[in-house]
Amino acid sequence: MSIPNVKRYRLTSPDGDHASLMAVIPKGTDVEAYLKEASARFDWKAYRDMKASINKVRVGQQKQKKK
């Protein structure tokens, strides 16, 4: 079950990083102004830290010794 009228928007940080934002914006609202404010309030440092922790690559597997 999904929320009706939800749209996905793309935020851009000053450094050029991108993030997705899902929001329901009322009619008559200036979407560009809303996205600019949301980008300014977005915690880019926490977003980068979260992305860095997810993208870790496993180098190899350790062999398990049978007893």
Side-chain angles (χ1 to χ4, degrees):
M1 191 168 170
S2 64
I3 301 172
N5 301 328
V6 172
K7 291 187 181 178
R8 183 178 296 232
Y9 299 99
R10 188 173 192 152
L11 298 177
T12 305
S13 74
D15 301 338
D17 206 8
H18 297 284
S20 294
L21 171 73
M22 295 180 74
V24 177
I25 300 177
K27 288 184 180 179
T29 305
D30 186 15
V31 177
E32 293 298 322
Y34 176 80
L35 293 177
K36 188 173 181 179
E37 180 194 358
S39 180
R41 289 186 290 130
F42 193 78
D43 191 0
W44 290 105
K45 183 180 182 306
Y47 180 72
R48 279 189 216 99
D49 293 344
M50 186 259 319
K51 253 174 72 173
S53 68
I54 290 175
N55 293 336
K56 291 185 180 175
V57 178
R58 291 182 64 172
V59 176
Q61 294 179 344
Q62 295 177 346
K63 293 183 178 180
Q64 296 179 353
K65 294 181 181 178
K66 292 185 179 180
K67 294 185 178 182

**Prompt:** Do the side chains of Tyr34 and Leu21 get nearer than 4.5 Å, heavy atoms only?
**Reply:** yes
**From CH2 (Trp44) to CG (Asp17), nearest 0.5 Å** = 6.0 Å
**Request:** Considering non-hydrogen atoms only, spot the tightest contact between Pro4 and Val24 and give its length.
**Result:** O-CG2, 4.1 Å
**Asked** What distance do Ile3 atom CD1 and Met22 atom CE have between them, rounded to the nearest 0.5 Å?
**Response** 7.5 Å
**Complete:** Looking only at heavy atoms, the pair that brings Leu35 and Leu11 closest together is O-CD2, 3.7 Å
**Request:** Please name all residues satisfying salt bridge (charged side-chain N to carboxylate O under 4.0 Å, His left out) with Arg10, sequence neighbours left out, ordered by chain then number.
**Result:** none
**Message:** Within this structure, what is the CZ-CG distance for the pair Arg48 and Asp43, rounded to the nearest 0.5 Å?
**Reply:** 9.5 Å
**Message:** By the salt bridge (Lys or Arg N to Asp or Glu O under 4.0 Å) test, which pairs, at least two apart or in different chains, include something from residues 21-32?
**Reply:** none
**Asked** Is a side-chain donor or acceptor of Ser53 paired with a backbone partner of Met50 at a separation under 3.5 angstrom?
**Response** yes
